[in-house]
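As a basis for the values below, the full set of heavy atoms in this structure was taken, side chains included, without hydrogen atoms, waters or symmetry mates. Naming: A, B, ... by sequence-line order, numbering from 1 per chain.
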Amino acid sequence: MFDFLSFGKTPEMIKKRKTAFVRVQRFNPDEDEKPYIQEFEVPMTPETTVLDALQYVKTELDGSLTFRKSCRHAICGSCAMNVNGSNDLVCHRNLPESLDKTGVVTIKPLPYLPVIKDLVVDRTSFWEQYKRVKPWLVPPEDAPEKEFRVSPEEVAAINSAETCIMCGACYSSCQVIAMGKDYIGPHALLKSFLRVMDPRDTIPGERLDISGGEDGAYRCHTIFNCIDACPKNLNPTEAIETLRKLAQRRIAFEEERAERQKTLTEAAD
Amino acid sequence: MAHNEITHDVIIVGAGLAGTWAAMVAAREGVSDIGVLSKIHPLRSHSGAAQGGIAASLSNTRPVAGTGPRGPLEEVPPGAEASDSWELHMFDTIKGSDWLGDQDAIEVMVKDATEIVYEYEHMGCVFSRTDDGRINQRRFGGHSAPRACFAADWTGHVLLHTVHEQALRYDVKFYSEWYCMDLIMEEGICRGVVAMDVLTGELYTMRAKAVVFGTGGYGRAFAITSNAFANTGDGVAIAYNAGVPLMDMEFVQFHPTGLYRHGILMSEACRGEGGYLLNSQGDRFMNTYAPEKMELAPRDLVSRSEQTEINEGRGVMGDGQGIYLDLRHLGRDKILERLPQVREIAINFVGVDPIDAPVPIQPTAHYSMGGIPTTLDGQVLADADGALVEGFFAAGECACVSVHGANRLGTNSLLDASVFGRRTGYAVVDFIRNGAQLHPVSGDPAAENRARINDLLSRDGDENVEHIAQELKWTMTNNCGVFRDGERLQLALEEIKDLQKRFRHARTMDKGSRFNTDLLTTIEVDHLLQFSEVMVAGAIARTESRGAHSRTDFVKRDDENWLKHTMAHKPMVYEDEDAGPRLSYKGVDIDWEKYPPQERTY
Amino acid sequence: MRIFQMQRYSAIALLFFLTIHMIVVHYPPFHIDFDRILERMDNPLWKLIDILFLFAVLVHALTGSYMVLTDVERFNRIKRVLAGAAIVLGLWAMYYGTMTILAFSPPT
Amino acid sequence: MYRSTGFISFFLRRLTGVALVIYLFMHMWVIGSVNQGPGVFDSRLNMVQTPFFKLAEVALLAAVVYHAFDGIRLLIIHYTGITDNRRSMFYAVFAIAALLTVAGGVPILLFMFE
């Protein structure tokens, strides 16, 4: 269809346009046979986020539109959705910048996951895989009175993995997950990486058995969708590559860890 | 067993730091039958949004000798004299609370602080480190020593994940996306809760020997707020409706550095690392208000200073409602290392990179000091005299042990939630071990709540729930904000009354049962309307200025009349429908020898 | 050794063998006929190289096929059957190929 | 469907992989006949030297070259841990594969018409 609104206008002019057309995938399994796209017109300013737009639709136009939200500044991980074909957190995604030249933004639920309703997906398999890698630290039995001495370099190596907010953007962009939900998935492998690399952890061998096992790091096909999708700019692929290497020299790594733990309560040089 | 009935030994509502700590501790100690309800996934809890740090007097860093209170920090060398102590932490907290904090509780908290930080560390928390491998510490507002242990500027996130993981380790059962609707109270004994499985819309009567609330704060009653959409104070409202009093509800902290117009938190760590606040004339105006501590004065003071600058026409941005937070002099490396999240937020939401330009900010509703009154072990109080509600515990922001009094110091909230969450966990274990009973429930509470939901769903008025909420929030922000006065508070009270009436004609647009977030919003707004009234009523009664409660018509602190906690009870059914909350007062625990009230200057 | 490693190491081997194969067999002139092949396959060194090449390519092909199938959840349940089939097929092909290479001698 | 360069590269890798497995067994069938004498062998060889198979041979070349260079890319990533230049590496593989296919394919086709 010829678009009169955007004809002859520069991208800047379109950006300043007062309304956006928000296309949302709707699906209520109780009522609908299959998902369909519904379009809403939403007013906007240069600062409007996609979440603001959804919130506007919900409060003013159609209260039955359902989506998850909470912190609205990209730290809780509730609102990961598929915007214009790529996964992102809608709360920190600017609306004017997400529009195509006809002023349309398309919002769908995270792909490859069962839809509960509209933009809400069922993350059960996601959390199961998370639990499967034993995300908790198993520290040495004889804890010191004060802290374990961990060097700033060791912290820097795992720091980025700790900032993962478990939003599921990587998981649901992963092609391997699309083919089978028994793959552990980038989020859990990143968590596993965090624990394996932590000098305080006493069971790196057991972890490598899981994350280096049949459903673990070796099933990654280095597609890089997880890096592209991550709203926090983390790098699960690199963590997976590291896990692969460590799993290949598991025994030696376990010995190194045991050696390191002997000095865990002493100050670094 | 009746249909839709679930029983547990312990039911914990809310899976933020306090709730998860309680659950984790109880499970670790061997009480295995625990159910944790959360209306969002546990890891989405708002504890994770805390940025700056958690306070503990570890004495790991100190200012370089001779550089003054704002100089660079260095590690305390081994064997050197400790630069910090729990006594100092305690005094800072008491002074920060404007002497309204209960000093026995504060003592418990600051003494447990070091222990709990080490426990976090042993559980796998990835703290930022000093060069010799100790936990790094930074400065924070109102603290007289560098005391905030941190993990860059996502401390809360790291702590929450750590505790949640440990809870999974001990096989705690989480009910994710279950909404707690009601508390089952009979004869003053708490017997469980009614909860909705949001996915199906089904209601369940959940009976338990002990119920723990860790439902978080009520900052969503304000339009400009740093709180998440979920922080609607449900637990506080539910407890209030069940006949439990609420304490010190009028004290709401306004954080000085919320992002301009969004209210999103720019961590206090920005100032802890040395950031400046500038007005439209480029002055560091804190010079006038707190010459000694400058930007690192407590939050209430800084917020008031900002608001004064704004009111006197020295604000920035189009409408003059902003103030600049200047981080440029910290340098690129320090910002990237210590404040990466803050930078990301500023770039994403106002398009300003703190490395190159000052960030526009404004005061934002942040923390609710008030809540459900509890003992040091999280046991909920039934009245001002110290009677207890059997089987009902609370911890975290929704509770008011009163460690924060009239104003909380930065980094003390993570500490409060952790310490009292843990204590509550142990208390619950004792309670169960000492032969707690599963009390019978008469009637069918789930059916009663089903009726309430059906009533809400059947309403076909023309009022929009969200519009009512918006009006309430702006009323609260404008009239019950940083500065308050009798006249405007009265106005707010009338407005709330009016909104409560209008709410009865509000309609829910979504009538389905599957994942009906529209219905949840309606219930949440109902809750907002209920406790906002308590907040305003408490504020009207308190004719003094203390901590975060600052009245322009009563500018002085009045220790003679007001050194006491407000306790608000819901009016009895036979009382007038329009009667506000019944207010009574409870004394403050003060050690008159050691920490008598003094003038509070910074 | 894990399937993944088998595949990766055979891949590295293939990079080597395939390069040789391409150069020797397909470098101009392009026409292939019985005599040319005959000449080369008579050489014991070539026999060895060809057997190794055959082994690498079979490992790579069968592990690859196995992974293609088991990435799909549906096939994941019959993993053992697939692995067994791959081994049987591999052994048979290896036998067939080796015999071809070894037994070959120029007709008199 | 989550489309990305990574996905395209992965899809092609699998597609060429499966095609090459099929080719491998066909190839063994042809070469295996070498022991049955020149007659059988030549007849089978002639069967696969029709124009259709010549075209298929170009496709085979493309498959081999793409599959090989994509593999080299994976090896580089594994042993060096480079993930920042992922997109340019995808494009480099596509380009090299295309180039070599043309370089090898044109002579094959020319030879066919000789």
Side-chain angles (χ1 to χ4, degrees), chain A residues 28-31 46-47 49 58-60 62-78 92 94 116-118 120 123 127 131 134-139 143-152 154-155 158-159 162-166 194-195 198 200-201 232 266-268, chain B residues 40-41 43-46 48-49 58 78 117-118 121-124 126-136 151-152 154 157-158 161-162 165-166 168-169 176 199 228-230 261-262 264-265 340-341 344-345 348-351 464-467 508-518:
Chain A
N28 182 349
D30 293 341
E31 293 163 11
E47 283 186 352
T49 62
K58 183 165 181 70
T59 58
E60 305 295 331
D62 186 349
S64 65
L65 177 69
T66 307
F67 50 93
R68 288 193 179 104
K69 61 175 190 294
S70 184
C71 77
R72 91 214 134 101
H73 61 270
I75 192 69
C76 77
S78 300
H92 79 170
N94 185 275
I116 291 175
K117 186 176 169 188
D118 294 345
V120 178
R123 286 193 180 93
W127 295 117
K131 247 185 120 166
K134 304 192 173 171
W136 52 83
L137 183 90
V138 181
E145 200 178 302
K146 293 192 169 183
E147 67 267 60
F148 290 112
R149 298 297 184 100
V150 182
S151 74
E154 284 167 321
V155 169
I158 53 176
N159 202 311
E162 182 62 69
T163 64
C164 169
I165 58 173
M166 294 286 156
L194 168 77
R195 293 302 173 220
D198 194 321
R200 293 166 292 183
D201 189 53
K232 304 299 273 184
E266 294 162 22
Chain B
I40 45 183
H41 186 275
L43 288 180
R44 317 283 183 231
S45 304
H46 204 55
L58 304 182
V117 168
Y118 288 139
E121 203 275 343
H122 295 161
M123 292 193 310
V126 184
F127 283 110
S128 296
R129 302 284 174 154
T130 62
D131 287 339
D132 65 353
R134 282 178 291 176
I135 296 171
N136 207 345
W154 36 64
H157 170 81
V158 174
H161 278 241
T162 307
E165 285 152 6
Q166 293 293 323
L168 290 180
R169 182 182 176 187
S176 175
L199 177 58
F229 282 106
R261 291 237 299 250
H262 295 270
I264 294 168
L265 186 62
Q341 191 192 167
E344 208 178 289
I345 290 172
N348 269 329
F349 292 95
V350 288
N464 183 322
V465 176
E466 194 62 31
H467 292 174
T508 11
M509 286 192 259
D510 191 349
K511 310 283 186 197
S513 56
R514 171 186 280 262
F515 221 95
N516 191 340
T517 48
D518 205 28

Heavy-atom proximity to chain A below 4.5 Å, by part of [X]:
{"X": "B/L168", "value": "both"}
{"X": "B/Y118", "value": "side chain"}
{"X": "B/I135", "value": "both"}
{"X": "B/T130", "value": "backbone"}
{"X": "B/H122", "value": "both"}

Return the option, out of [options], with the maximum number of heavy-atom pairs under 4.5 Å with chain B.
{"options": "A/N159, A/I165, A/V150, A/T66", "result": "A/V150"}
{"options": "A/N28, A/L194, A/V120", "result": "A/V120"}
{"options": "A/D198, A/D30, A/V138", "result": "A/D30"}

(request) Name all residues meeting the ring-ring contact (aromatic ring centres under 6.0 Å, His included) criterion together with B/F349; count only those two or more places apart in sequence or in a different chain, and write none if there are none. (result)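 Partners of B/F349 by the ring-ring contact (aromatic ring centres under 6.0 Å, His included) criterion, ordered by chain and then number, come out as B/H262.
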(request) Among the options B/M509, B/H46, B/H161, B/H41, pick out the one with the most heavy-atom pairs lying under 4.5 Å from chain A. (result)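 If we count pairs closer than 4.5 Å to chain A, B/H41 comes out on top.
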(message) Which one wins on heavy-atom pair count under 4.5 Å against chain A: B/N464, B/D518, B/T508?
(response)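 The candidate making the most pairs under 4.5 Å is B/D518.
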(request) Check salt bridge (charged side-chain N to carboxylate O under 4.0 Å, His left out) between A/K117 and all other residues, then give those that pass, not counting sequence neighbours. (result) B/D510
